[in-house]
Amino acid sequence: MSRPLIGVTTYLASAARWGVWELDAALLPVGYPRLVQGAGGLALMLPPDDPSRAAAMVAELDGLVIAGGPDVEPVRYGAEAEPRTGPPARERDAWELALIEAALASGTPLLGICRGMQLLNVALGGTLVQHIDGHVKDTGVFGRHTVTPVPGTRYASVVAEESAVPTYHHQAVDRLGTGLVASAHADDGTVEAVELPGSAWVLGVQWHPEMGTDLRVMESLVRAAAGR
């Protein structure tokens with residue numbers, strides 16, 4: 001049986017360096033494709049494109065991952081930027097919101113990671129807390145903290161126990177988007193996972209599974225993608 005094709009969104013970086021080159025680049029930390037591959041999928045990088053092409057792109061995929069990255073522009077959820085909110089990534093926001101809309105419309109299995117979870121919430125009309133403390137160990141250093149699943153949720157069916165996860169974020173879900181339910185929390189009450197109940201596989205996690213060794217969430221996505 002062929003491996004499911006899982007699209008993963010990418011960063012756009014200015015003046016990236018490799019070898020003798022210093023050029024603009026579409027980048028994806030290697031942990032993402034390795035996570036997909038380790039779970040049995042084929043990884044396809046999805047750099048920002050014209051949002052009008054999102055539905056056609058999703059139609060070629062078996063599953064979709066919205067990767068971590070910069071802060072979602074607050075105007076997307078009706079707020080003004082606060083002092084600690086990062087600069088906007090408007091091209092990426094527009095592309096990934098269009099991909100999420102297309103995946104939800106088509107029933108394509110969808111996983112949002114960190115920014116991807118936050119963008120899923122915004123796509124469904126939710127809002128974000130623009131800064132929280134205690135979820136970044138140090139600049140450029142991933143920390144770990146415990147998340148607790150909510151019984152009866154899809155996430156709890158995949159990871160039933162409390163677990164320590166790799167974390168690096170300063171924003172979080174505030175008001176949940178339409179239809180979303182919280183499916184895991186941190187010890188301080190921060191929403192750490194969200195999902196859409198129903199037949200379609202839609203899950204967002206606040207942490208970074210690509211920086212750990214637990215494949216269960218990605219394996220669940222890949223199984224759902226294979227079963228379409």
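- Distance check, rounded to the nearest 0.5 Å: OG1 of T146 to CD of E192 gives 10.0 Å.
- Listed by chain and number, the residues in a side chain to side chain contact (heavy atoms under 4.5 Å, CB included) with S157 are R154 (sequence neighbours excluded).
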Output a table of donor-acceptor pairs, distance under 3.5 Å, between side-chain atoms of residues 38-53 and any protein atom two or more places apart or on a different chain; print 'none' if there are none.
{"from": "D49", "atom 1": "OD1", "to": "R53", "atom 2": "NH1", "distance (Å)": "2.8"}
{"from": "D50", "atom 1": "OD1", "to": "S52", "atom 2": "N", "distance (Å)": "2.9"}
{"from": "D50", "atom 1": "OD1", "to": "S52", "atom 2": "OG", "distance (Å)": "2.9"}
{"from": "D50", "atom 1": "OD2", "to": "S52", "atom 2": "OG", "distance (Å)": "3.3"}

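- L196 is linked by a side chain to side chain contact (heavy atoms under 4.5 Å, CB included) to L104, L124, L180, V202, counting only residues two or more places apart in sequence or in another chain.
- T127 is linked by a side chain to side chain contact (heavy atoms under 4.5 Å, CB included) to Y77, D174, R175, counting only residues two or more places apart in sequence or in another chain.
- Counted within 6.0 Å of CD on E219, heavy atoms from surrounding residues, nucleotides or ligands total more than 12; the atom is thus considered enclosed.
- Side-chain contact between E210 and V36 is absent, with no heavy-atom pair separated by less than 4.5 Å.
- For R84, the salt bridge (charged side-chain N to carboxylate O under 4.0 Å, His left out) test picks out no residue, with sequence neighbours left out.
- Around CZ of R216, the count of heavy atoms belonging to other residues, nucleotides or ligands within 6.0 Å exceeds 12.
- The ring-ring contact (aromatic ring centres under 6.0 Å, His included) contacts involving residues 88-112 comprise nothing, where partners must be two or more places apart or lie in separate chains.
- Remark: side-chain polar atoms of T9 are paired, donor with acceptor, to backbone N or O of A67 under 3.5 angstrom.
- For R228, the CZ atom is densely surrounded, since the number of other residues' heavy atoms within 6.0 Å is greater than 12.
- Counting only heavy atoms from C-beta outward, the side chains of P209 and V165 never approach each other to under 4.5 Å.
- Around atom CH2 of W18, more than 12 heavy atoms belonging to other residues, nucleotides or ligands sit under 6.0 Å away.
- For residues 55-64, no residue pair satisfies the side chain to side chain donor-acceptor pair (under 3.5 Å) rule, not counting sequence neighbours.
- Residues meeting the ring-ring contact (aromatic ring centres under 6.0 Å, His included) test with Y32, sequence neighbours left out: none.
- To the nearest 0.5 Å, the span separating CG on L120 from CD on E195 amounts to 10.5 Å.
- The neighbour count for E161 CD, taken as heavy atoms of other residues, nucleotides or ligands under 6.0 Å away, is above 12.
- With sequence neighbours excluded, the residues satisfying side chain to side chain contact (heavy atoms under 4.5 Å, CB included) with P197 are V181.
- Distance CE/M218 to CZ/R34: 14.5 Å, rounded to 0.5 Å.
- Under the 30°/60° scheme for interplanar angles, the aromatic rings of H170 and H131 are found to be tilted.
- Cluster partners of V30 are absent, since no Ile, Leu, Val, Met, Phe, Trp or Tyr has side-chain heavy atoms less than 4.5 Å from it.
- In terms of modelled atom types and a separation under 3.5 Å, the side chain of Q171 and the main chain of Q130 share a donor-acceptor contact.
- Residue pairs that meet the ring-ring contact (aromatic ring centres under 6.0 Å, His included) test with at least one member in residues 206-228, sequence neighbours left out, are F142-H208, Y155-W207.
- Grouped with L12 in a hydrophobic cluster is no other residue, since no side-chain heavy-atom contact under 4.5 Å to another Ile, Leu, Val, Met, Phe, Trp or Tyr is found.
- In this structure, CZ in R92 is found 14.0 Å from CD in E73, a value given to the nearest 0.5 Å.
- Within the 3.5 Å criterion, the main-chain N or O of T85 finds no donor-acceptor partner in the side chain of D71.
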